[in-house]
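Following: one structure in C-alpha coordinates, then a few remarks.
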Number of protein chains: 2
Amino acid sequence: MKENMSEAPVGLRERKRAKTLALIQTEAIRLFIERGFEATTLADIAEAADVSARSLFHYFESKEEIVFSARANFPALIAEAVGRRPADEPLLDMVENALVDTAARYGSPQTKILGRLVRDTPVLRAREQAKYEHVERALAEALADRIGLPAPDTKCRVTAVTAIGILKLSVEAWLATEDSGAEMHFRAAFAELRRIAC
Amino acid sequence: MKENMSEAPVGLRERKRAKTLALIQTEAIRLFIERGFEATTLADIAEAADVSARSLFHYFESKEEIVFSARANFPALIAEAVGRRPADEPLLDMVENALVDTAARYGSPQTKILGRLVRDTPVLRAREQAKYEHVERALAEALADRIGLPAPDTKCRVTAVTAIGILKLSVEAWLATEDSGAEMHFRAAFAELRRIAC
DNA sequence: TGCAATCTTGCATAGATCGCAATATTACCA
DNA sequence: TGGTAATATTGCGATCTATGCAAGATTGCA
(Lines give C-alpha, C1' and ligand atoms only; values in the text may rest on other atoms or scores of the structure.)
Protein backbone atom coordinates (compact mmCIF):
# COMPACT_ATOMS: atom_id res chain seq x y z
CA MET A 1 0.00 0.00 0.00
CA LYS A 2 1.17 3.49 -0.89
CA GLU A 3 1.99 5.90 1.87
CA ASN A 4 1.97 9.42 0.40
CA MET A 5 -0.21 11.34 2.79
CA SER A 6 -0.33 15.02 1.94
CA GLU A 7 2.63 14.94 -0.44
CA ALA A 8 2.73 16.79 -3.73
CA PRO A 9 1.27 14.71 -6.55
CA VAL A 10 4.03 12.57 -7.94
CA GLY A 11 2.72 10.25 -10.62
CA LEU A 12 1.27 11.36 -13.91
CA ARG A 13 -2.09 10.11 -12.77
CA GLU A 14 -2.12 12.30 -9.70
CA ARG A 15 -0.87 15.38 -11.48
CA LYS A 16 -3.50 14.97 -14.13
CA ARG A 17 -6.22 14.52 -11.59
CA ALA A 18 -5.19 17.62 -9.67
CA LYS A 19 -5.09 19.63 -12.85
CA THR A 20 -8.53 18.47 -13.97
CA LEU A 21 -9.99 19.16 -10.56
CA ALA A 22 -8.62 22.67 -10.57
CA LEU A 23 -9.86 23.24 -14.08
CA ILE A 24 -13.38 22.12 -13.25
CA GLN A 25 -13.37 24.34 -10.19
CA THR A 26 -12.13 27.39 -12.06
CA GLU A 27 -14.50 27.02 -14.95
CA ALA A 28 -17.48 26.23 -12.76
CA ILE A 29 -16.92 29.22 -10.54
CA ARG A 30 -16.43 31.47 -13.50
CA LEU A 31 -19.76 30.33 -14.89
CA PHE A 32 -21.49 30.61 -11.52
CA ILE A 33 -20.38 34.19 -11.21
CA GLU A 34 -21.14 35.06 -14.81
CA ARG A 35 -24.62 33.64 -15.07
CA GLY A 36 -25.56 32.51 -11.60
CA PHE A 37 -25.37 29.19 -9.78
CA GLU A 38 -28.84 27.95 -10.60
CA ALA A 39 -28.60 29.03 -14.21
CA THR A 40 -25.46 26.97 -14.72
CA THR A 41 -26.10 23.29 -15.37
CA LEU A 42 -23.73 20.41 -14.90
CA ALA A 43 -23.68 20.02 -18.66
CA ASP A 44 -22.41 23.60 -18.98
CA ILE A 45 -19.64 22.93 -16.52
CA ALA A 46 -18.69 19.67 -18.15
CA GLU A 47 -18.46 21.37 -21.50
CA ALA A 48 -16.40 24.27 -20.19
CA ALA A 49 -13.96 21.95 -18.45
CA ASP A 50 -13.96 19.52 -21.34
CA VAL A 51 -14.91 16.43 -19.37
CA SER A 52 -18.03 14.33 -19.42
CA ALA A 53 -20.89 15.26 -17.14
CA ARG A 54 -20.57 11.88 -15.53
CA SER A 55 -16.98 12.60 -14.56
CA LEU A 56 -17.92 15.62 -12.50
CA PHE A 57 -19.15 13.26 -9.83
CA HIS A 58 -15.80 11.56 -9.64
CA TYR A 59 -14.31 14.89 -8.60
CA PHE A 60 -17.03 16.52 -6.51
CA GLU A 61 -19.84 15.15 -4.41
CA SER A 62 -22.30 17.67 -5.74
CA LYS A 63 -22.67 20.90 -7.63
CA GLU A 64 -22.61 22.84 -4.39
CA GLU A 65 -19.41 21.19 -3.25
CA ILE A 66 -17.57 22.69 -6.19
CA VAL A 67 -18.06 26.05 -4.56
CA PHE A 68 -17.33 25.05 -1.00
CA SER A 69 -14.26 23.01 -1.83
CA ALA A 70 -12.73 26.18 -3.23
CA ARG A 71 -12.67 27.80 0.18
CA ALA A 72 -10.39 27.25 3.12
CA ASN A 73 -11.21 24.44 5.49
CA PHE A 74 -12.54 26.44 8.36
CA PRO A 75 -12.95 23.78 11.02
CA ALA A 76 -9.36 22.71 10.55
CA LEU A 77 -8.01 26.25 10.57
CA ILE A 78 -9.87 27.13 13.72
CA ALA A 79 -8.80 24.02 15.54
CA GLU A 80 -5.23 24.85 14.64
CA ALA A 81 -5.55 28.41 15.83
CA VAL A 82 -6.99 27.26 19.13
CA GLY A 83 -4.07 24.93 19.49
CA ARG A 84 -1.70 27.88 19.31
CA ARG A 85 -3.32 29.66 22.26
CA PRO A 86 -2.01 29.39 25.83
CA ALA A 87 -3.92 26.70 27.69
CA ASP A 88 -4.66 28.92 30.64
CA GLU A 89 -6.22 31.75 28.66
CA PRO A 90 -9.87 32.40 29.58
CA LEU A 91 -12.17 30.50 27.17
CA LEU A 92 -13.75 33.54 25.61
CA ASP A 93 -10.40 35.22 24.98
CA MET A 94 -9.16 31.98 23.55
CA VAL A 95 -11.86 31.81 20.88
CA GLU A 96 -11.74 35.49 20.17
CA ASN A 97 -8.04 35.43 19.52
CA ALA A 98 -8.20 32.17 17.63
CA LEU A 99 -10.88 33.54 15.33
CA VAL A 100 -9.01 36.75 14.71
CA ASP A 101 -5.94 34.71 13.98
CA THR A 102 -7.79 32.54 11.53
CA ALA A 103 -9.42 35.48 9.83
CA ALA A 104 -6.00 36.98 9.23
CA ARG A 105 -4.90 33.93 7.27
CA TYR A 106 -8.23 33.39 5.58
CA GLY A 107 -8.95 36.49 3.59
CA SER A 108 -8.13 36.46 -0.09
CA PRO A 109 -9.96 38.46 -2.77
CA GLN A 110 -11.32 35.17 -4.09
CA THR A 111 -12.72 34.43 -0.66
CA LYS A 112 -14.81 37.54 -0.67
CA ILE A 113 -16.11 36.92 -4.16
CA LEU A 114 -17.12 33.39 -3.24
CA GLY A 115 -18.60 34.66 -0.01
CA ARG A 116 -20.84 36.99 -1.92
CA LEU A 117 -21.84 34.29 -4.35
CA VAL A 118 -22.86 32.13 -1.43
CA ARG A 119 -24.61 34.99 0.31
CA ASP A 120 -26.67 35.78 -2.78
CA THR A 121 -27.59 32.22 -3.75
CA PRO A 122 -30.25 30.73 -1.48
CA VAL A 123 -29.27 27.10 -2.00
CA LEU A 124 -25.65 27.83 -1.24
CA ARG A 125 -26.49 30.05 1.67
CA ALA A 126 -28.59 27.31 3.20
CA ARG A 127 -25.87 24.78 2.80
CA GLU A 128 -23.36 27.13 4.34
CA GLN A 129 -25.48 27.51 7.43
CA ALA A 130 -25.52 23.76 7.70
CA LYS A 131 -21.76 23.67 7.43
CA TYR A 132 -21.39 26.02 10.33
CA GLU A 133 -22.72 23.22 12.45
CA HIS A 134 -19.57 21.25 11.77
CA VAL A 135 -17.45 24.25 12.55
CA GLU A 136 -19.22 24.57 15.86
CA ARG A 137 -18.59 20.98 16.73
CA ALA A 138 -14.95 21.21 15.69
CA LEU A 139 -14.44 24.34 17.73
CA ALA A 140 -16.04 22.86 20.83
CA GLU A 141 -13.76 19.87 20.52
CA ALA A 142 -10.67 21.97 19.99
CA LEU A 143 -11.51 24.00 23.07
CA ALA A 144 -12.09 20.93 25.19
CA ASP A 145 -8.85 19.50 23.98
CA ARG A 146 -6.95 22.69 24.70
CA ILE A 147 -8.07 22.90 28.29
CA GLY A 148 -7.49 19.23 28.85
CA LEU A 149 -10.96 17.74 28.71
CA PRO A 150 -11.60 14.45 26.91
CA ALA A 151 -14.85 15.77 25.42
CA PRO A 152 -16.61 19.14 25.24
CA ASP A 153 -18.71 20.05 28.24
CA THR A 154 -21.44 22.66 28.40
CA LYS A 155 -18.93 25.42 28.93
CA CYS A 156 -17.04 24.56 25.76
CA ARG A 157 -20.18 24.09 23.76
CA VAL A 158 -21.69 27.39 24.81
CA THR A 159 -18.46 29.16 24.06
CA ALA A 160 -18.28 27.53 20.67
CA VAL A 161 -21.82 28.34 19.53
CA THR A 162 -21.44 31.88 20.74
CA ALA A 163 -18.20 32.31 18.87
CA ILE A 164 -19.61 30.84 15.69
CA GLY A 165 -22.62 33.09 15.95
CA ILE A 166 -20.30 36.05 16.13
CA LEU A 167 -18.29 34.63 13.26
CA LYS A 168 -21.38 34.54 11.09
CA LEU A 169 -22.35 38.07 11.98
CA SER A 170 -18.88 39.36 11.38
CA VAL A 171 -18.45 37.65 8.05
CA GLU A 172 -21.73 39.10 6.89
CA ALA A 173 -20.67 42.56 7.98
CA TRP A 174 -17.32 42.09 6.28
CA LEU A 175 -18.88 40.98 3.00
CA ALA A 176 -20.90 44.15 2.96
CA THR A 177 -17.77 46.29 3.10
CA GLU A 178 -14.60 46.62 1.07
CA ASP A 179 -12.42 45.89 4.08
CA SER A 180 -9.69 43.41 3.37
CA GLY A 181 -9.88 41.61 6.70
CA ALA A 182 -12.66 40.87 9.16
CA GLU A 183 -10.66 41.27 12.37
CA MET A 184 -12.24 44.59 13.21
CA HIS A 185 -15.71 43.16 12.95
CA PHE A 186 -14.79 40.29 15.23
CA ARG A 187 -13.34 42.50 17.89
CA ALA A 188 -16.34 44.77 17.89
CA ALA A 189 -18.81 41.91 18.19
CA PHE A 190 -16.92 40.27 21.03
CA ALA A 191 -16.74 43.56 22.87
CA GLU A 192 -20.47 43.90 22.48
CA LEU A 193 -20.99 40.40 23.81
CA ARG A 194 -19.01 41.13 26.94
CA ARG A 195 -21.05 44.24 27.49
CA ILE A 196 -24.32 42.37 27.05
CA ALA A 197 -23.52 39.42 29.28
CA CYS A 198 -22.19 41.37 32.24
CA MET B 1 -61.39 40.39 -2.31
CA LYS B 2 -61.99 38.07 0.62
CA GLU B 3 -60.86 39.12 4.05
CA ASN B 4 -60.66 36.01 6.22
CA MET B 5 -57.26 36.23 7.75
CA SER B 6 -56.65 33.46 10.25
CA GLU B 7 -60.32 32.49 10.60
CA ALA B 8 -61.55 28.93 10.74
CA PRO B 9 -62.23 27.55 7.26
CA VAL B 10 -65.77 28.37 6.34
CA GLY B 11 -66.61 27.22 2.82
CA LEU B 12 -66.60 23.63 1.68
CA ARG B 13 -63.59 24.39 -0.46
CA GLU B 14 -61.53 25.58 2.48
CA ARG B 15 -62.58 22.79 4.77
CA LYS B 16 -61.70 20.25 2.16
CA ARG B 17 -58.35 21.82 1.53
CA ALA B 18 -57.51 21.88 5.22
CA LYS B 19 -58.52 18.27 5.58
CA THR B 20 -56.43 17.16 2.61
CA LEU B 21 -53.44 19.11 3.83
CA ALA B 22 -53.67 17.50 7.24
CA LEU B 23 -54.08 14.08 5.68
CA ILE B 24 -51.00 14.48 3.50
CA GLN B 25 -49.03 15.67 6.49
CA THR B 26 -50.13 12.83 8.72
CA GLU B 27 -49.52 10.13 6.16
CA ALA B 28 -46.21 11.55 5.04
CA ILE B 29 -44.87 11.80 8.55
CA ARG B 30 -46.05 8.32 9.36
CA LEU B 31 -44.15 7.03 6.35
CA PHE B 32 -41.07 9.10 7.12
CA ILE B 33 -40.92 7.66 10.59
CA GLU B 34 -41.69 4.12 9.49
CA ARG B 35 -39.24 3.81 6.65
CA GLY B 36 -37.17 6.97 6.71
CA PHE B 37 -37.36 10.28 4.92
CA GLU B 38 -35.13 9.45 2.00
CA ALA B 39 -36.68 6.06 1.50
CA THR B 40 -40.14 7.58 1.12
CA THR B 41 -40.86 8.96 -2.33
CA LEU B 42 -43.42 11.54 -3.29
CA ALA B 43 -45.29 8.79 -5.10
CA ASP B 44 -45.56 6.85 -1.83
CA ILE B 45 -46.97 9.86 -0.08
CA ALA B 46 -49.40 10.62 -2.85
CA GLU B 47 -50.66 7.08 -2.78
CA ALA B 48 -51.02 7.02 1.00
CA ALA B 49 -52.91 10.31 1.01
CA ASP B 50 -54.91 9.35 -2.06
CA VAL B 51 -54.05 12.39 -4.15
CA SER B 52 -52.00 12.74 -7.28
CA ALA B 53 -48.29 13.32 -6.96
CA ARG B 54 -48.75 16.57 -8.83
CA SER B 55 -51.12 17.84 -6.16
CA LEU B 56 -48.57 17.54 -3.40
CA PHE B 57 -46.92 20.65 -4.72
CA HIS B 58 -50.13 22.60 -4.44
CA TYR B 59 -50.02 21.96 -0.70
CA PHE B 60 -46.33 22.01 0.12
CA GLU B 61 -43.36 23.70 -1.44
CA SER B 62 -41.20 20.65 -1.13
CA LYS B 63 -40.90 17.27 0.49
CA GLU B 64 -38.95 18.78 3.36
CA GLU B 65 -41.57 21.40 3.99
CA ILE B 66 -44.07 18.70 4.84
CA VAL B 67 -42.02 18.01 7.92
CA PHE B 68 -41.28 21.58 8.90
CA SER B 69 -44.80 22.83 8.37
CA ALA B 70 -45.91 20.36 11.02
CA ARG B 71 -43.98 22.20 13.67
CA ALA B 72 -44.72 25.45 15.43
CA ASN B 73 -43.66 28.65 13.74
CA PHE B 74 -40.69 29.51 15.85
CA PRO B 75 -39.82 32.97 14.60
CA ALA B 76 -43.36 34.12 15.20
CA LEU B 77 -43.55 32.55 18.65
CA ILE B 78 -40.31 34.09 19.75
CA ALA B 79 -41.20 37.52 18.49
CA GLU B 80 -44.43 37.27 20.44
CA ALA B 81 -42.69 36.18 23.59
CA VAL B 82 -40.25 39.06 23.33
CA GLY B 83 -43.18 41.39 22.97
CA ARG B 84 -44.49 40.23 26.32
CA ARG B 85 -41.31 41.20 28.17
CA PRO B 86 -40.87 44.51 29.96
CA ALA B 87 -39.10 46.98 27.69
CA ASP B 88 -36.51 47.93 30.26
CA GLU B 89 -35.36 44.40 31.03
CA PRO B 90 -31.66 43.81 30.21
CA LEU B 91 -31.31 42.34 26.72
CA LEU B 92 -29.90 39.02 27.78
CA ASP B 93 -32.59 38.48 30.40
CA MET B 94 -35.14 39.43 27.81
CA VAL B 95 -34.12 36.70 25.38
CA GLU B 96 -33.57 34.16 28.10
CA ASN B 97 -37.04 34.63 29.49
CA ALA B 98 -38.62 34.86 26.07
CA LEU B 99 -37.04 31.58 25.01
CA VAL B 100 -38.06 29.81 28.19
CA ASP B 101 -41.56 31.16 27.70
CA THR B 102 -41.66 29.92 24.14
CA ALA B 103 -40.30 26.53 25.06
CA ALA B 104 -43.08 26.12 27.58
CA ARG B 105 -45.71 26.52 24.86
CA TYR B 106 -43.79 24.61 22.24
CA GLY B 107 -43.28 21.14 23.60
CA SER B 108 -45.65 18.42 22.50
CA PRO B 109 -44.79 14.73 22.20
CA GLN B 110 -45.12 15.11 18.42
CA THR B 111 -42.55 17.89 18.54
CA LYS B 112 -39.97 15.63 20.05
CA ILE B 113 -40.62 12.86 17.57
CA LEU B 114 -40.27 15.26 14.67
CA GLY B 115 -37.21 16.76 16.28
CA ARG B 116 -35.56 13.39 16.34
CA LEU B 117 -36.54 12.67 12.77
CA VAL B 118 -34.90 15.93 11.74
CA ARG B 119 -31.87 15.29 13.90
CA ASP B 120 -31.33 11.88 12.34
CA THR B 121 -31.92 12.82 8.71
CA PRO B 122 -29.01 14.77 7.19
CA VAL B 123 -31.06 16.60 4.57
CA LEU B 124 -33.58 17.74 7.13
CA ARG B 125 -30.95 18.61 9.65
CA ALA B 126 -29.18 20.79 7.12
CA ARG B 127 -32.36 22.57 6.21
CA GLU B 128 -33.16 23.14 9.84
CA GLN B 129 -29.83 24.84 10.39
CA ALA B 130 -30.67 27.10 7.50
CA LYS B 131 -34.01 27.90 9.06
CA TYR B 132 -32.37 29.01 12.25
CA GLU B 133 -31.00 31.89 10.25
CA HIS B 134 -34.52 33.25 9.86
CA VAL B 135 -35.17 32.77 13.52
CA GLU B 136 -32.05 34.75 14.28
CA ARG B 137 -33.13 37.58 12.07
CA ALA B 138 -36.64 37.58 13.49
CA LEU B 139 -35.32 37.62 17.02
CA ALA B 140 -32.92 40.46 16.35
CA GLU B 141 -35.78 42.46 14.89
CA ALA B 142 -38.11 41.68 17.77
CA LEU B 143 -35.45 42.81 20.22
CA ALA B 144 -34.79 46.02 18.35
CA ASP B 145 -38.47 46.68 18.21
CA ARG B 146 -38.93 46.00 21.90
CA ILE B 147 -36.27 48.45 22.98
CA GLY B 148 -37.47 51.08 20.56
CA LEU B 149 -34.97 50.86 17.72
CA PRO B 150 -36.11 51.06 14.11
CA ALA B 151 -33.69 48.31 13.07
CA PRO B 152 -31.39 45.84 14.86
CA ASP B 153 -28.00 47.21 15.84
CA THR B 154 -24.92 45.18 16.72
CA LYS B 155 -26.10 44.74 20.28
CA CYS B 156 -29.38 43.19 19.19
CA ARG B 157 -27.74 41.03 16.58
CA VAL B 158 -25.12 39.68 18.93
CA THR B 159 -27.74 38.96 21.52
CA ALA B 160 -29.89 37.19 18.96
CA VAL B 161 -27.19 34.93 17.54
CA THR B 162 -26.03 34.05 21.00
CA ALA B 163 -29.53 33.18 22.10
CA ILE B 164 -30.17 31.09 19.02
CA GLY B 165 -26.90 29.28 19.53
CA ILE B 166 -28.01 28.41 23.00
CA LEU B 167 -31.40 27.42 21.67
CA LYS B 168 -29.79 24.94 19.32
CA LEU B 169 -27.63 23.46 22.02
CA SER B 170 -30.52 23.18 24.42
CA VAL B 171 -32.85 21.57 21.93
CA GLU B 172 -30.21 19.02 21.11
CA ALA B 173 -29.72 18.27 24.78
CA TRP B 174 -33.46 18.04 25.26
CA LEU B 175 -33.92 15.62 22.36
CA ALA B 176 -31.39 13.34 23.94
CA THR B 177 -33.42 13.08 27.13
CA GLU B 178 -36.95 12.10 28.04
CA ASP B 179 -37.63 15.47 29.66
CA SER B 180 -40.93 16.97 28.67
CA GLY B 181 -39.72 20.57 28.47
CA ALA B 182 -36.42 22.21 27.59
CA GLU B 183 -36.57 25.05 30.11
CA MET B 184 -33.98 23.51 32.36
CA HIS B 185 -31.51 23.18 29.52
CA PHE B 186 -31.99 26.80 28.55
CA ARG B 187 -31.44 28.09 32.05
CA ALA B 188 -28.29 26.05 32.45
CA ALA B 189 -26.81 27.23 29.17
CA PHE B 190 -27.55 30.87 29.86
CA ALA B 191 -26.01 30.58 33.29
CA GLU B 192 -22.91 29.13 31.69
CA LEU B 193 -22.77 31.96 29.21
CA ARG B 194 -22.84 34.57 31.93
CA ARG B 195 -20.05 32.77 33.70
CA ILE B 196 -17.96 32.59 30.54
CA ALA B 197 -18.40 36.19 29.44
CA CYS B 198 -17.69 37.83 32.77
C1' DT C 1 -79.29 27.47 -13.22
C1' DG C 2 -75.01 28.96 -15.08
C1' DC C 3 -70.79 31.58 -15.26
C1' DA C 4 -66.44 32.58 -12.83
C1' DA C 5 -62.98 31.18 -9.74
C1' DT C 6 -60.35 27.52 -8.05
C1' DC C 7 -58.66 22.61 -7.75
C1' DT C 8 -57.03 18.35 -9.34
C1' DT C 9 -54.80 15.70 -12.42
C1' DG C 10 -52.06 13.78 -16.33
C1' DC C 11 -48.43 14.60 -19.31
C1' DA C 12 -44.17 16.31 -20.61
C1' DT C 13 -39.76 18.09 -19.25
C1' DA C 14 -35.59 19.75 -16.83
C1' DG C 15 -31.86 18.82 -13.76
C1' DA C 16 -29.10 16.44 -10.27
C1' DT C 17 -27.38 12.16 -9.03
C1' DC C 18 -26.13 7.31 -9.18
C1' DG C 19 -25.19 2.33 -10.86
C1' DC C 20 -23.25 -0.27 -14.36
C1' DA C 21 -20.37 -1.87 -17.83
C1' DA C 22 -17.36 -0.85 -21.76
C1' DT C 23 -13.27 1.49 -22.93
C1' DA C 24 -9.04 3.94 -22.21
C1' DT C 25 -5.11 5.23 -19.50
C1' DT C 26 -1.43 4.68 -16.13
C1' DA C 27 1.49 1.98 -12.95
C1' DC C 28 4.61 -1.36 -12.32
C1' DC C 29 6.85 -5.74 -12.47
C1' DA C 30 9.39 -9.47 -14.66
C1' DT D 1 9.83 -3.76 -23.34
C1' DG D 2 5.63 -6.46 -23.00
C1' DG D 3 1.82 -7.38 -20.34
C1' DT D 4 -1.17 -7.42 -16.52
C1' DA D 5 -3.33 -5.11 -12.61
C1' DA D 6 -5.21 -0.85 -10.98
C1' DT D 7 -7.58 3.17 -11.89
C1' DA D 8 -10.06 6.76 -14.77
C1' DT D 9 -13.32 8.21 -18.11
C1' DT D 10 -17.33 7.89 -20.46
C1' DG D 11 -22.01 6.78 -22.25
C1' DC D 12 -26.37 4.98 -21.14
C1' DG D 13 -30.22 4.28 -18.49
C1' DA D 14 -32.87 4.99 -14.38
C1' DT D 15 -34.67 7.46 -10.31
C1' DC D 16 -36.34 11.25 -7.92
C1' DT D 17 -37.65 16.00 -7.02
C1' DA D 18 -39.71 19.80 -9.01
C1' DT D 19 -42.27 22.68 -12.42
C1' DG D 20 -45.09 24.30 -16.54
C1' DC D 21 -49.18 23.63 -19.01
C1' DA D 22 -53.75 22.61 -20.33
C1' DA D 23 -57.91 19.72 -19.90
C1' DG D 24 -61.45 18.58 -16.88
C1' DA D 25 -63.78 18.59 -12.37
C1' DT D 26 -65.55 21.08 -8.40
C1' DT D 27 -67.18 24.93 -5.73
C1' DG D 28 -68.90 29.77 -4.92
C1' DC D 29 -72.27 32.83 -5.82
C1' DA D 30 -75.38 35.90 -8.33
Side-chain angles (χ1 to χ4, degrees), chain A residues 1-4 7-25 27-29 31-32 35-69 121-124 126-127 130, chain B residues 1-4 7-25 27-29 31-32 35-69 121-124 126-127 130:
Chain A
M1 191 175 280
K2 266 290 200 51
E3 301 287 336
N4 291 24
E7 295 302 317
V10 57
L12 171 61
R13 192 167 268 167
E14 278 130 304
R15 264 178 290 138
K16 216 168 170 182
R17 181 176 178 81
K19 201 185 290 183
T20 306
L21 190 136
L23 181 61
I24 294 174
Q25 214 168 46
E27 291 299 303
I29 288 175
L31 290 173
F32 292 160
R35 27 175 130 154
F37 181 80
E38 311 268 13
T40 305
T41 71
L42 293 178
D44 296 336
I45 301 171
E47 196 194 337
D50 199 39
V51 294
S52 75
R54 189 62 185 80
S55 289
L56 293 179
F57 291 97
H58 291 306
Y59 286 91
F60 299 96
E61 280 181 15
S62 68
K63 195 179 161 190
E64 280 105 359
E65 274 310 304
I66 302 181
V67 175
F68 291 114
S69 68
T121 307
V123 204
L124 293 177
R127 191 164 287 227
Chain B
M1 188 175 282
K2 266 283 203 57
E3 301 286 335
N4 291 27
E7 295 301 317
V10 56
L12 171 61
R13 192 166 270 167
E14 278 131 303
R15 263 177 291 137
K16 217 169 169 182
R17 181 177 179 81
K19 201 185 290 182
T20 306
L21 190 137
L23 180 61
I24 294 174
Q25 214 168 46
E27 291 299 303
I29 289 175
L31 290 173
F32 292 159
R35 26 176 131 155
F37 181 80
E38 311 267 13
T40 305
T41 72
L42 292 176
D44 296 336
I45 300 171
E47 195 194 338
D50 198 38
V51 293
S52 75
R54 189 62 185 82
S55 289
L56 294 179
F57 291 98
H58 291 306
Y59 287 91
F60 299 95
E61 280 181 15
S62 68
K63 195 180 163 190
E64 280 107 358
E65 274 310 305
I66 302 181
V67 175
F68 291 114
S69 69
T121 308
V123 205
L124 293 176
R127 191 164 285 229

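Source: prediction; values computed, not measured.
Within the 4.5 Å cutoff, the side chain of A:F32 has no heavy atoms near those of the A:L124 side chain.
Closest to the side chain of A:K63, out of D:dT10, C:dA16, D:dA18, is C:dA16. For B:T41, whose side chain is taken as the heavy atoms from C-beta onward, the closest listed nucleotide among D:dT17, C:dT17, C:dT8 is D:dT17. For A:K16, the listed nucleotide lying nearest its side chain is C:dT25; candidates were D:dT9, C:dA16, C:dT25. Nearest to the side chain of B:F57, among D:dT10, D:dT19, C:dA16, sits D:dT19. You'll find that the side chain of B:Y59 is closest to C:dC7, out of C:dC7, C:dT25, D:dT9.
One can place CD1 of A:I45 at 15 Å from P of D:dT10, the figure rounded to the nearest angstrom. Spacing between atom CG of B:L56 and atom P of C:dC7 amounts to 16 Å, rounded to whole angstrom units. Put simply, CZ on B:F32 is 9 Å from P on D:dT17, counting in whole angstrom units. For the pair B:L42 CG and C:dT9 P, the computed distance is 14 Å after rounding to whole Å. Distance, B:E38 CD to D:dT17 C1': 12 Å, rounded to whole Å. Between the CZ atom of A:R15 and the P atom of D:dT7 there is a distance of 18 Å, given to the nearest Å. At whole-Å resolution of the value, CZ in A:F60 and P in C:dA16 are 15 Å apart. Rounded to an integer number of Å, the gap from B:I66 CD1 to D:dT17 P is 10 Å.
Residue whose closest nucleotide on DNA chain C sits further toward the 5' end, between A:H58 and A:A43: A:A43. In terms of position on DNA chain D, the residue among A:S52 and B:T40 whose nearest nucleotide sits closer to the 5' end is A:S52.
No side-chain N or O of A:T121 forms a donor-acceptor pair with one of A:E38 less than 3.5 Å apart.
At least one donor-acceptor pair under 3.5 Å links the side chain of A:K63 to the backbone N or O of A:F37. Between the side chain of B:S55 and the main chain of B:V51, no donor-acceptor pair closer than 3.5 Å is present.
A:D44 and A:A39 get closest at one heavy-atom pair: OD2-O, 3.9 Å. Of all non-hydrogen atoms in B:H58 and B:R17, the two that sit nearest each other are O-NH2, 2.8 Å.
Within a 6.0 Å radius of CD in B:E65, more than 12 heavy atoms belonging to other residues, nucleotides or ligands are found.
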DNA chain D in dot-bracket form (Watson-Crick or G-U pairs under 3.5 Å, [ ] crossing, | inter-strand) is ||||||||||||||||||||||||||||||
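Side chain B:R54 to base C:dT9: no donor-acceptor pair is found below 3.5 Å.
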